[in-house]
Novice: 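Sharing a structure, written as structure tokens. Questions coming.
Along the sequence shown, residues are numbered consecutively beginning with 1.
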Amino acid sequence: MLIADDDRMDRTVLEKILGRSSTVHTANDGEEALDMFGKAIDEGAPYDVVILDIIMPGIDGVTACKLMRLIERARGVAGRSRFFFISAHHDLRGIGEGVFPEGRNVFFSKPVLNSIGEISRVVQTAGRGRSARALA
């Protein structure tokens, strides 16, 4: 699992909770996440789950997701990873449209500590191969 968030506290909470049942890697921003994502595919161990903060300095979460999808296609593993977004903004209409072909983006609200039960349930289930779309 890869978590990219510029907020250290949110990364730490997610890593501690989700790391109980999964291997979790964290990135401080979208650029670092892109690098880690590509390396994981190159090493034959693509991430099952990627959690991206929507608003990060530099490459935001939506752009990072779109670029990760391009990396997957270029390397022959299209659709391998399940993507989830987190954000402190509650009005997310239109954000991330077109990221997923099926049109279903999964968002969780910050602070993550308030949403951790739902995040954990959905993300862990998706990591075991069930469709996130069925859980949204």
Side-chain angles (χ1 to χ4, degrees):
M1 180 179 311
L2 174 61
I3 299 168
D5 193 331
D6 60 313
D7 184 293
R8 183 181 53 84
M9 181 62 76
D10 286 337
R11 273 194 325 271
T12 300
V13 168
L14 288 168
E15 182 177 23
K16 286 188 180 204
I17 301 297
L18 300 175
R20 292 178 183 160
S21 59
S22 298
T23 300
V24 175
H25 298 135
T26 61
N28 299 311
D29 56 39
E31 186 174 336
E32 184 179 9
L34 280 170
D35 183 53
M36 293 172 70
F37 187 83
K39 284 181 181 176
I41 292 172
D42 291 344
E43 293 170 359
Y47 291 106
D48 292 322
V49 172
V50 179
I51 300 174
L52 299 164
D53 185 9
I54 291 176
I55 299 173
M56 294 185 283
I59 300 173
D60 63 79
V62 172
T63 301
C65 182
K66 289 177 182 179
L67 293 170
M68 288 175 183
R69 287 290 191 210
L70 291 174
I71 291 169
E72 282 184 323
R73 280 195 290 278
R75 295 186 175 138
V77 293
R80 171 69 170 82
S81 300
R82 304 277 191 244
F83 289 87
F84 301 91
F85 294 110
I86 54 175
S87 180
H89 296 279
H90 297 287
D91 184 6
L92 299 173
R93 288 175 290 189
I95 294 178
E97 285 183 13
V99 173
F100 303 109
E102 67 272 13
R104 296 280 291 234
N105 298 331
V106 181
F107 296 95
F108 299 106
S109 296
K110 287 185 172 186
V112 295
L113 195 54
N114 293 345
S115 302
I116 197 65
E118 181 185 6
I119 293 170
S120 183
R121 180 186 65 79
V122 171
V123 169
Q124 296 299 333
T125 302
R128 289 192 295 267
R130 287 191 48 204
S131 168
R133 183 173 40 175
L135 300 169

Novice: I71 and F85: same hydrophobic cluster, using ILVMFWY side-chain contacts below 4.5 Å?
Specialist: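 Same cluster: I71 reaches F85 through Ile, Leu, Val, Met, Phe, Trp or Tyr contacts under 4.5 Å.
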Novice: Let me check something: do Y47 and I41 share a hydrophobic cluster, defined by ILVMFWY side-chain heavy atoms less than 4.5 Å apart, either directly or through other members?
Specialist: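 Yes, Y47 connects to I41 through the hydrophobic network.
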Novice: Could you grab the distance from atom SG of C65 to atom CG of D60, nearest 0.5 Å is fine?
Specialist: 10.5 Å
Novice: Going through the checks in order, is the side-chain contact (heavy atoms from CB on, under 4.5 Å) test met by S81 and M68?
Specialist: CA-CA 9 Å; S81 300; M68 288 175 183; over 6 Å; no
Novice: Should F83 and I59 be counted in the same cluster of Ile, Leu, Val, Met, Phe, Trp and Tyr side chains packed under 4.5 Å apart?
Specialist: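 Same hydrophobic cluster.
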Novice: For residues A78 and R73, report the shortest heavy-atom separation together with the two atoms involved.
Specialist: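 Smallest heavy-atom distance, with atoms named: CB-CG, 3.7 Å.
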Novice: Return the CE to OG1 distance between M36 and T26, rounded to the nearest 0.5 Å.
Specialist: 6.0 Å
Novice: Are more than 12 heavy atoms, taken from residues, nucleotides or ligands other than E31, located less than 6.0 Å from that residue's CD atom?
Specialist: no
Novice: Which atoms form the tightest heavy-atom contact between D5 and R11, and what is the distance?
Specialist: O-NH1, 2.5 Å
Novice: Rounded to the nearest 0.5 Å, how far apart are CD of E32 and CG of L2?
Specialist: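 Result: 8.5 Å between the selected atoms.
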Novice: At their closest point, which heavy atom of E72 faces which heavy atom of R80, and how far apart are they?
Specialist: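 Closest approach of E72 to R80, heavy atoms only: OE2-N, 3.3 Å.
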Novice: List the atom of L34, the atom of A64, and the distance in Å for their closest heavy-atom pair.
Specialist: CD2-O, 3.7 Å
Novice: Minimum heavy-atom separation for S87 and I54, please, with both atom names.
Specialist: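 Between these two residues, the closest heavy atoms are CB-CD1, 3.7 Å.
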Novice: I'd like to know whether D53 forms a side-chain contact (heavy atoms from CB on, under 4.5 Å) with I86, so could you lay out the CA-CA distance, the side-chain angles of the two residues, the decisive distance to 0.1 Å, and finally the verdict.
Specialist: CA-CA 5 Å; D53 185 9; I86 54 175; 4.1 Å; yes
Novice: So, does D7 use its side chain to make a donor-acceptor pair with the main chain of D10 at under 3.5 Å?
Specialist: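 Yes, D7 side chain to D10 backbone: donor-acceptor pair under 3.5 Å.
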Novice: Taking a hydrophobic cluster as the set of Ile, Leu, Val, Met, Phe, Trp and Tyr residues connected by side-chain heavy atoms closer than 4.5 Å, whether directly or through intermediates, do F84 and M56 fall within one such cluster?
Specialist: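 No, no single cluster joins them.
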Novice: Which value, rounded to the nearest 0.5 Å, describes the distance between E15 atom CD and T12 atom OG1?
Specialist: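 Output value for this atom pair is 6.5 Å.
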Novice: For the residue pair L18 and I3, what are the closest heavy atoms and their distance?
Specialist: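 Scanning both residues, the minimum pair turns out to be CD1-CD1, 4.2 Å.
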Novice: List the steps, then state whether side-chain contact (heavy atoms from CB on, under 4.5 Å) holds for K66 with T63.
Specialist: CA-CA 5 Å; K66 289 177 182 179; T63 301; 5.7 Å; no
